[in-house]
Protein chains: 4
Amino acid sequence: MKRKVQQKPESPPTEDQPTRDKIVAAALQEFAAHGKEGARVDRVAETAGVNKAMIYYHFRSKDNLYIEVVTSFFQNMVRQVRGAVLETSDLREALQIMARRHVEAFLEAGPIRPIILRELAAPHPEVLAAIADVFTSTGLPQKVMTLMEQGMRGGQYRTVDLRQALAAFVSMSLGYFLIAPIQDAALGIEDRAAFAKERQTVIVDVFLNGLKVR
Amino acid sequence: MKRKVQQKPESPPTEDQPTRDKIVAAALQEFAAHGKEGARVDRVAETAGVNKAMIYYHFRSKDNLYIEVVTSFFQNMVRQVRGAVLETSDLREALQIMARRHVEAFLEAGPIRPIILRELAAPHPEVLAAIADVFTSTGLPQKVMTLMEQGMRGGQYRTVDLRQALAAFVSMSLGYFLIAPIQDAALGIEDRAAFAKERQTVIVDVFLNGLKVR
Amino acid sequence: MKRKVQQKPESPPTEDQPTRDKIVAAALQEFAAHGKEGARVDRVAETAGVNKAMIYYHFRSKDNLYIEVVTSFFQNMVRQVRGAVLETSDLREALQIMARRHVEAFLEAGPIRPIILRELAAPHPEVLAAIADVFTSTGLPQKVMTLMEQGMRGGQYRTVDLRQALAAFVSMSLGYFLIAPIQDAALGIEDRAAFAKERQTVIVDVFLNGLKVR
Amino acid sequence: MKRKVQQKPESPPTEDQPTRDKIVAAALQEFAAHGKEGARVDRVAETAGVNKAMIYYHFRSKDNLYIEVVTSFFQNMVRQVRGAVLETSDLREALQIMARRHVEAFLEAGPIRPIILRELAAPHPEVLAAIADVFTSTGLPQKVMTLMEQGMRGGQYRTVDLRQALAAFVSMSLGYFLIAPIQDAALGIEDRAAFAKERQTVIVDVFLNGLKVR
DNA sequence: GATGAATGAGGTTTCATTCAT
DNA sequence: AATGAATGAAACCTCATTCAT
């Protein structure tokens with residue numbers, strides 16, 4: 001199963017490996033635009049401006065190209081996000097940060113949304129794990145759960161299954177971006193960006209209010 | 001000179017269903033499993049137990065097959081759902097029904113989830129419209145908004161943008177099913193079905209409580 | 001090799017056989033436009049406004065359709081042309097008539113030119129014979145040869161092989177229409193119709209002068 | 001898992017001619033024999049002894065293969081013919097050369113005749129232009145017209161439209177080869193080669209005599 | 001005579017992958 | 001590392017022909 005390709009430069013991250021990087025960038029774009037099945041190796045090569053055989057030299061197959069490129073894309077996200085752990089003991093603030101990050105990640109036209117959606121339709125375990133990591137590695141979900149628990153113990157919040165509560169908030173926040181086209185069509189929303197911005201406030205508000213003991 | 005190969009109905013199944021219908025059923029399955037690009041016309045023909053050329057006789061191309069089959073699948077859902085309009089003036093009940101329907105539609109292994117997810121990644125306008133129709137045609141979203149509005153005017157609920165509120169609830173309910181694999185991985189959820197059942201109660205609870213004036 | 005199709009109405013030319021005639025007309029047009037290989041049975045059926053199976057009922061195969069339709073087209077020409085035999089003992093007049101007929105037959109956009117050209121590229125003996133018949137059956141070639149021969153015997157014309165002379169005139173007259181696109185391109189001729197009309201005079205003139213003893 | 005089938009160069013022929021050239025040669029033959037519509041890409045590949053996919057690698061489609069191969073075939077003719085410009089100021093000699101070239105080009109069984117005929121039936125502008133070039137690029141037509149004009153000015157020849165005269169001669173010479181099968185059938189000619197050889201003398205003779213003032 | 005559906009073979013084209021240099 | 005050419009399998013689609021009604 002494991003074929004050792006000649007001297008694959010897996011180790012020396014010395015500086016720039018132009019060709020390999022160009023392939024990665026082009027492949028990401030191609031997979032985002034067309035999905036794994038719809039992607040064309042020729043197109044990747046052309047977009048990258050490299051010879052098609054180079055793709056097979058650096059990666060081993062189209063399938064493997066997909067896995068490697070997409071997985072490492074999310075792993076890079078993890079690396080960036082991990083630094084930005086922040087100290088707060090205010091649940092509202094934590095939720096706001098979470099919501100803002102979702103907006104930031106999903107409102108841009110980057111490859112993240114289509115890739116995640118297609119992974120959800122037909123998951124590759126490695127990729128899915130990397131995606132999940134992006135969320136957990138921020139430490140935010142854990143922090144949110146901790147803060148909620150404290151509030152519950154302090155009698156401030158009603159007692160709710162923590163994971164259910166978290167899932168509820170994440171769905172509200174993140175889930176919207178995935179469903180957006182449908183909801184926009186169904187609700188007749190035209191300015192998605194504005195609607196999305198406004199959501200940040202609304203969902204934190206409704207969610208927190210929903211937790212509170214009355 | 002005569003070679004007998006190809007897809008002959010060697011098995012005696014699928015009764016005497018008209019050819020076109022057999023194609024539709026097989027195509028739906030194939031598209032759900034592999035996406036439009038990953039789907040294979042040969043496989044559809046084989047699954048349907050019909051001659052491959054019949055697919056091109058009844059539909060005109062693979063692309064058109066996709067559009068027609070998927071669109072009409074959702075249009076059929078609309079037809080079924082439209083009948084089940086229900087009379088209630090209780091917001092909680094309306095939300096519960098909505099949530100239950102989402103569970104029903106998405107917990108089964110049917111074609112609906114993968115198809116919707118891939119449509120969200122790369123939408124075909126006609127299909128997307130049909131999907132949106134499924135939601136609006138139940139009348140439920142409208143009813144929910146109306147009941148919320150009444151509650152707000154009656155001073156029972158806080159004043160919130162109706163569409164934002166609705167979007168929040170739908171995202172929580174429906175969005176979860178789309179994200180589920182990620183959340184399961186991130187939160188370490190193992191029994192998705194149980195977790196999903198429990199959600200029905202939680203989200204209605206949190207949402208309604210969140211709306212209430214304190 | 002010979003398959004007797006049921007009751008093929010080869011005999012009763014009683015009156016109008018709408019369907020068969022419609023097929024014939026449509027097929028002629030299709031074959032002229034696309035050639036035997038490029039012709040599509042479906043298109044013939046559609047153009048004719050009849051069911052495709054009817055084509056196989058009346059004719060037996062696409063190939064046979066071609067042979068029958070094209071052959072009988074030229075046979076009909078023969079029938080029409082045979083009536084118009086004319087009495088003249090003037091060579092110039094005979095040549096003029098010949099030339100005029102060629103113009104008439106080939107300047108129109110009808111099916112005759114493309115069909116003849118393709119038959120010349122890949123002949124079907126039956127068809128070719130029918131085409132040759134169109135020319136001989138007018139009696140004109142024979143008459144022209146006779147008149148030339150008389151002129152030679154009378155010392156008026158130089159002695160030339162009769163068939164060579166005839167072939168020379170026919171090539172000049174008819175051949176032009178076949179080559180026309182090339183000559184037009186090569187000589188920069190723009191108004192083909194005008195050029196073709198003028199030719200009638202020129203070729204008779206040059207040819208007759210060329211025959212004369214000086 | 002690996003099935004070896006398809007067109008492997010099992011015979012040791014066609015030396016080490018580059019793939020592209022082998023395709024060109026095979027395609028020319030195929031198109032001449034069957035026309036663009038009747039030609040089969042499989043057959044071209046087999047004849048050329050190359051993998052079918054190479055045809056699409058070097059050319060892009062069957063249609064494009066046709067255009068490129070046929071056009072460049074005539075362009076090559078142009079190149080060869082352009083060298084052979086000859087110096088003569090004798091009209092008879094010029095006409096004889098012209099006639100001889102037509103015989104040479106058309107008596108052989110090469111691809112030129114069927115291809116030209118089918119192009120005349122359904123022309124591709126690019127191809128037609130290349131064909132016209134073959135004739136003009138020899139310089140012969142121009143030279144013939146010039147010599148005729150000089151003769152007219154010198155009072156030796158009757159005044160005739162130069163292009164009409166040229167067209168007349170070319171039709172006689174070249175046109176014959178196109179029509180040949182019909183004329184042979186109509187005139188009962190059996191030894192076409194002999195008849196064609198003799199024509200060279202006759203047509204120059206008749207044509208020149210026809211031009212002369214008496 | 002007439003129709004709509006069906007069939008089987010093959011047609012063109014594509015594409016992941018590999019090879020020689 | 002890099003390239004252009006090559007390969008083999010299969011993809012989508014077409015088309016002449018036939019069948020059941």
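In what follows, chains are A, B, ... by sequence order, proteins preceding strands, each numbered from 1. No experiment lies behind these values; they were computed from the predicted model shown.
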Length of the [atom1]-[atom2] vector between [X] and [N], whole Å:
X	N	atom1	atom2	result
A/Glu37	F/dA10	CD	P	16 Å
D/Arg43	E/dA9	CZ	P	19 Å
A/Glu46	E/dT14	CD	C1'	15 Å
A/Ile23	F/dT3	CD1	C1'	13 Å
D/Lys62	E/dG11	NZ	P	9 Å
A/Ile55	E/dA16	CD1	P	10 Å
B/Leu65	F/dC13	CG	C1'	13 Å
B/Asp63	F/dA11	CG	C1'	14 Å

| request: Taking only Lys NZ, Arg NE, NH1 and NH2, and the carboxylate oxygens of Asp or Glu, determine whether B/Arg40 and A/Glu37 approach each other closer than 4.0 Å. | output: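 So B/Arg40 does not pair with A/Glu37 through a salt bridge.
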
| query | Counting only side-chain N and O atoms of D/Tyr56, is one of them less than 4.0 Å from OP1 or OP2 of E/dT14? | reply |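 No, because none of the side-chain N or O atoms of D/Tyr56 sits under 4.0 Å from OP1 or OP2 of E/dT14.
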
| query | Does F/dA16 have OP1 or OP2 sitting under 4.0 Å from an N or O in the side chain of C/Arg40? | reply |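 Yes, within the criterion.
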
| request: Assign each of C/Lys36 and D/Arg20 to its nearest nucleotide of DNA chain F by heavy atoms, then name whichever residue's nucleotide is nearer the 5' end. | output: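 Here D/Arg20 is the residue nearer the 5' end.
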
| field | Test log, rule side-chain contact (heavy atoms from CB on, under 4.5 Å), inputs A/Ile23 and A/Leu65 | value | CA-CA 9 Å; A/Ile23 293 171; A/Leu65 175 66; 4.0 Å; yes

| said: Using side-chain contact (heavy atoms from CB on, under 4.5 Å), reason through C/Ile115 and C/Leu28 one step at a time and then give a plain yes or no. | reply: CA-CA 9 Å; C/Ile115 287 183; C/Leu28 196 64; 3.9 Å; yes

| Within the structure shown, what part of the strands sits under 4.0 Å from A/Ala39 by heavy-atom distance: base, sugar-phosphate, or nothing? |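 Sugar-phosphate only.
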
| query | At what distance, to the nearest 0.5 angstrom, does NE2 of D/His58 lie from CE of D/Met54? | reply | 3.5 Å

| request: Can you measure from CD1 (C/Ile131) to CD1 (C/Ile112) and round to the nearest 0.5 angstrom? | output: 8.0 Å

| request: Could I get the full list of side-chain contact (heavy atoms from CB on, under 4.5 Å) partners for D/Ser61, not counting sequence neighbours? | output: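 For D/Ser61 the side-chain contact (heavy atoms from CB on, under 4.5 Å) partners, ignoring immediate neighbours, are D/Asp63, D/Asn64.
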
| query | Can you name the side-chain contact (heavy atoms from CB on, under 4.5 Å) partners of B/Val24, sequence neighbours left out? | reply |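 Counting only residues at least two positions away or on another chain, B/Val24 forms a side-chain contact (heavy atoms from CB on, under 4.5 Å) with B/Phe59, B/Val69.
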
Can you check nucleotides 3-5 of chain E for protein contacts, nitrogen or oxygen pairs under 3.5 Å, and list what you find?
from  : atom 1 : to      : atom 2 : distance (Å)
E/dT3 : OP2    : C/Asn51 : N      : 3.3
E/dG4 : N7     : C/Asn51 : ND2    : 3.0
E/dA5 : OP2    : B/Tyr57 : OH     : 2.8
E/dA5 : N7     : B/Tyr57 : OH     : 3.4

| message | Test of understanding: with salt bridge (charged side-chain N to carboxylate O under 4.0 Å, His left out), list the residues that count as partners of C/Arg43, not counting sequence neighbours. | response |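 So C/Arg43 forms a salt bridge (charged side-chain N to carboxylate O under 4.0 Å, His left out) with C/Glu30.
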
| task | Determine the stems involving DNA chain F; a stem requires 3 or more consecutive pairs of the Watson-Crick or G-U wobble kind, each with both distances below 3.5 Å, and the answer is none if no such run exists. | result |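 Expected stems, ordered by start: E:2-21 with F:2-21.
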
| field | Pairs where residues 115-128 of chain B contributes a residue and the test side-chain hydrogen bond (donor to acceptor under 3.5 Å, both in side chains) is met, not counting sequence neighbours | value |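 Counting only pairs at least two positions apart or across chains, the side-chain hydrogen bond (donor to acceptor under 3.5 Å, both in side chains) contacts touching residues 115-128 of chain B are B/Lys36-B/His124, B/Tyr66-B/Glu119, B/Glu119-B/His124.
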
